[in-house]
Amino acid sequence: MKKYLILAVIILAFVLRFYNLGSYPALNADEAALGYNAYSLLQTGKDEHGNPWPIHFQSFNDYKPGLYVYMIMPFVGLFGLNEWSVRVPAAFLAVVTIYLVYLLVKKVGDERTALIASLLLAISPWHIHFSRGGWETNVATFFITLAILLFLKALEKPKYYLLSLISFVASLYTYHSARLVVPVIGLSLVLLNLETTIKSVKKISVAVIVAAILCIPLAVSFFGNAGLSRASGVGILADMGPTNLANEQRGEHDDLNSVFVKLMHNKAVNYALAFGKNWFSHFNGEFLFLSGDEIQRNRVPETGQLYTFELITVLLGLFILLKHSSSSKKFILIWLLVAPLAAALTFQSPHALRAHNMVIPITIISAFGLSYAIDLLDKFLKKKFLLKLSYLFISLIVVWSFARYMHMYWVHMSKEYPFSSQYGIKELVDYVNSQKGDFKHIVVTDRYDQPYILFLFYLKYPPSEFQNNHQLSERDQYGFSTVREFDKYKFISITNWDSLREQFRDSLIAGTDEEIYQGTNVVKRIYGSNGYMYFEIVRN
Amino acid sequence: MRITKLLRDNWLLVLILLISALLRLYKLGSIPPHLTPDEASLGYNAYSILKTGKDEYGTLLPIIFKSFGDFKPGLYIYTAVPSIAILGLNEFSTRLPSAIAGIVAVFLIYKIISLALSNKKLSLVSAFFLTLSPWHIQLSRGAWEVNLSATLTLAGVYFFIRSLKEQNSLVWSAIFFALTMLAYQGAKLSTAIVLLILLLIYRKHLFKIPKFTIAKSILAGAIILIPVVLSLFTGKAGRLGVFSVLNYPRPEQYLQDFLDQGNEKVGDASYYLFHSESYNFFRGIMGRFFNHFSAKFLFFTGDWSNPRHTAPNHGVLLLVDVLFLATGFFALIKSKANKFYYFILLWLVLAPLPAILSRDQVHAVRSFNMVFPIVIICSIGFRYILSLSKGVKIAIAGFSVVGLVLSIVYFLDAYFIHMPVHNAKYWEYGYKQIVETVTPIQNNYQQVKVQQSYSQPYIYFLFYQKYDPVAYQKEARLKESEYGDVGQVEQLDNICFCAIDWSVNRGEKGVLFVADPVRIPPEDSKDENQFSVIREIKYPKSADTAFRVVEVKL
């Protein structure tokens, strides 16, 4: 019976993650980059910019950690370059993660809690959102969960230490934030179980050495220029706020150059406070239970990272885990505290994407809470009828919350946030491609994120031709670069309509309705799959 | 003899009370940097009562006072009468009752914990933590009615818990709870919350109390509450309509656009299931609830909706309280169930209710009662840490003590150094300076025009000129707001409080003008033949001008 239940949960998880996976939401620029780089590697052994077999992909000069690109290569090879190939590995590993969580909770707690945890994760807004797309973070979370499960197994059978560490290393190759979170997680696993781990010092040492060797290429690439550049772009130190505040605060003292004032108000203190504020923001109820991440791409309208009812189950779960804690239960709590560390070091906080691995411990805690709530009901409600009624009530709340989320996700998300993903570009490329023979240039606005990569992706433009015939622009203030032209295509800011027309004769121009001068003869309007009008096209 | 013995046995408590007095009285007249309109109004009405027995509108000894936009219970005004009688009408004497209430609260917390948990060390720690609480210091320093009301609430709680053993104390409990509602508008809800929790948790004990004692208590409370109850029926119960979050539904266009995305309509099944107005209110209320438990409010930014309620860049708690709060909860979870703990936890959860039902995103005054359960939980955490005694744990204890000292220094710096400068604008800085400048030369002009605003300039003239209440009561006239919100006074002797439009007013010869630099642009008042700039009132340590006093020459 129980076997069927977990099977049912996995089927549910599968359906929720694979239904319309290729078409909703629209492909975004990062996913297109992953896909096109895999395509480029397959065809030429080099990435889009001509770097052979990279560990970090230069892409928009953001140097993406590369493991996921290698993971989608076989799919691009087998099924061609399309949305589905880019997304299937992530979605599949997300489903596997749910089974891993089931096994993990069974080790830490009991079968019923394990089932509840896998069910809650299967329907989790946070987990579903980043399962449906080529999100590296979701794959990193898979590796971290797998590594932790293997570590707990290794406490009984030490041969698993090596596998556990390899899985940890894999997460480092997949996503930036893992590089800070994973060492802390690993260390706390060892220290929490010191009595057991100390007995297998040899096996662990071997595993650590192997892991260290596996990390060498990553370290070389990271300190080469790849990872650091990214970290300095989004890192907390890139925000000048705390520095300016320190100066302002000193100015409010009479003796602004005294040692006391300098000790009170300096960068170290203010950045530490900023970090603390960021870290805590990941535990804010508004973020967790009500509205979620502020970045549109990472959110669903009026939906928290968790369901609102989980406020109660998470609190109950924390209570019961603290009340009767074993070392493995303590670990769940430590994981929860450690998970947002990397995200807190960047200046957009709270950040559902960078703190994604939080979803696992918090869902497990929520499951412990729900399980405990059921225990409480069993204990206090003596009448069968009342008990059944309360079960029904809980189920109704869960089902309703889930239904509301589904409604928001499928009906409202793409329309409420039309710029959360690159809607409309596929349609634009289809049209432009059919017309391009007649024109000297195709001019496209750069209003929407990185249009060049989506053009490459949908055109399946030959990588060998692209690699040597394009220029990556200077970094913008956020550290990103883009490509302004290849082949007939130009991606520019449309500011002065008249001079633009003068400049590009015999061209097809695609801009937003605000950019295209009113009264110009528009030959075609391009709508995204959400019904929003993204481009107006003019024959010049 | 008895006194010295009492001091010797309780020297720590005495020391704590002395510290709390120091923190609440030091520079009370000048920090916060300026009186708020509400403070000035409380002070002037107390002065008016002192001199004439009537309030500014000439009502004899009111219990519910007419204020700028509403009616509010006036116990604070009566507590300020003696201090104004002795010290004269000034900032210090107006703020003194709240400061004293703050010191009494420290004593009451000590008494409550001693009584409820019979733990002398813990009760001292609680008193010490309340003494140092930024939230409590903030609202003890300033004529905050809520602080008086909160202290009365503590007295009510104290006598309630005492009544479990000495049943007659219940009468005192009832009296103090009833008095809270005479002290503060919002106490109607916040005291009801405390009462409900107490009744719920201690219901079994209450059944043992003789019916006669209960009847006496109810009667005592009811008599005190008569004016409050009457006010509910005569429309003198405050601006609930303006404040309630339930009066702010989603804009129709916003809702329509959202529903259109799914071809939904108001009245559809999916509207009632997923988009109903009541669920939207629920979300709004929950959001406010979370705000009051967010680290941003508690530790880092403070009350971001009302900067006047906290020191700049500082939360309502000490930074180190992060640690004590967490360990406090941990210790509570690990300890055996105890009725008083349930009371504390429930109070903590429900105390922000008055704030979350109102329109502001976060509100440190309406949620003020939270400070007491938080302080108690922090104390439990601190005690727990200090009771750890081995190895690493000593290090943790040492770390907490150092952290406590550093956090206190950081807060005192934020409050005493930064707030007077950084937040001067939010404290309406400048009106005192206006009155000081205008008063000596007021009669040289036919007319003085002062920029009208919801900062109620007239009340500062009454306050700082110590305007004769008998004379003012005759001419007092508040122009009511059209929207049921705050009203304004437009004329006082030759001073007119009115909108200033420099393009028109610049030609009014022989008139003295007072307004901010937006209303009287410096570029357009340079000509010394036409204008004479009497004074530029600057914010403290700032190049920014708060107000300009400019004469248009004859």
Side-chain angles (χ1 to χ4, degrees), chain A residues 242 245-246 248-249 251-255 260-261 263-265 269-270 272-274 276-291 301-304 308 311 315 318-325 337 400 403-408 410-416 418 530-532, chain B residues 257-264 270 273-276 279-280 282-301 312-315 319 322 326 329-335 345 349 361-362 406 409-410 412-414 417-424 540-542:
Chain A
L245 179 64
E248 186 189 341
Q249 286 169 322
E252 288 165 8
H253 280 266
D254 289 326
D255 45 351
F260 172 75
V261 171
L263 279 175
M264 294 278 291
H265 307 299
V269 168
N270 284 0
L273 287 173
K277 192 175 171 184
N278 286 348
W279 182 80
F280 271 108
S281 68
H282 291 88
F283 299 97
N284 185 358
E286 176 84 30
F287 170 70
L288 289 177
F289 304 111
L290 223 51
S291 305
E302 298 186 6
T303 307
T308 308
L311 166 66
L315 286 178
L318 286 174
F319 172 78
I320 201 67
L321 285 180
L322 284 169
K323 186 98 182 164
H324 313 287
S325 50
L337 298 181
W400 174 80
R404 184 170 195 271
Y405 163 57
M406 285 286 107
H407 177 78
M408 289 295 173
W410 290 100
V411 177
H412 292 282
M413 182 177 71
S414 67
K415 292 179 178 163
E416 181 70 8
N530 54 357
Y532 186 91
Chain B
D257 289 348
F258 199 68
L259 291 178
D260 283 347
Q261 293 166 0
N263 292 322
E264 298 164 274
S270 85
L273 260 178
F274 302 131
H275 304 293
S276 68
Y279 190 68
N280 184 56
F282 170 76
R283 280 177 49 79
I285 289 169
M286 284 308 284
R288 287 167 176 76
F289 180 74
F290 290 134
N291 285 342
H292 288 86
F293 289 96
S294 68
K296 185 178 172 190
F297 173 65
L298 295 176
F299 303 111
F300 297 107
T301 310
N313 300 304
H314 203 287
L319 283 167
V322 170
F329 279 115
F330 182 72
L332 282 183
I333 288 173
K334 287 286 186 190
S335 64
L345 288 173
V349 172
Q361 279 301 317
V362 65
L406 293 179
V409 173
Y410 197 77
L412 293 179
D413 176 68
I417 306 290
H418 295 288
M419 191 187 73
V421 180
H422 195 99
N423 285 357
K541 286 194 189 178
S542 167

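Values below: every heavy atom of this structure, side chains too, minus hydrogens, waters and symmetry copies. This is a predicted model, so every value here is computed, not measured. Chain letters run A, B, ... following the sequence lines, proteins first and then strands; every chain starts at 1.
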Of the non-hydrogen atoms in [X] and [Y], which two are nearest, and what is the gap between them?
| X | Y | answer |
| --- | --- | --- |
| L322(A) | K334(B) | O-NZ, 2.9 Å |
| L273(B) | W400(A) | O-NE1, 3.0 Å |
| R404(A) | Y279(B) | CZ-CE2, 3.4 Å |
| R283(B) | T303(A) | NH1-N, 4.5 Å |
| D413(B) | H253(A) | OD1-CE1, 2.7 Å |
| F300(B) | G276(A) | CZ-C, 3.6 Å |

Heavy-atom distance under 4.5 Å to chain A: side chain of S542(B), backbone, both or neither?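 Neither the backbone nor the side chain of S542(B) comes within 4.5 Å of chain A.
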
Under 3.5 Å side-chain donor-acceptor pair for E264(B) and H412(A):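 Yes, side-chain donor-acceptor contact under 3.5 Å.
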
Please look at L288(A) and chain B and tell me whether the side chain, the backbone, both or neither of the residue comes under 4.5 angstrom of a heavy atom of that chain.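 Neither part.
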
State plainly whether the residues K541(B) and D254(A) are in salt-bridge range, i.e. N to O under 4.0 Å.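 The answer is yes: the pair qualifies as a salt bridge.
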
The test is side-chain contact (heavy atoms from CB on, under 4.5 Å); show your working for D257(B) and E416(A) and say whether it passes. CA-CA 9 Å; D257(B) 289 348; E416(A) 181 70 8; over 6 Å; no

Hey, could you give me the CD/CD1 distance between E252(A) and I417(B), rounded to the nearest 0.5 Å?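 Atom-to-atom, E252(A):CD and I417(B):CD1 are 10.0 Å apart.
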
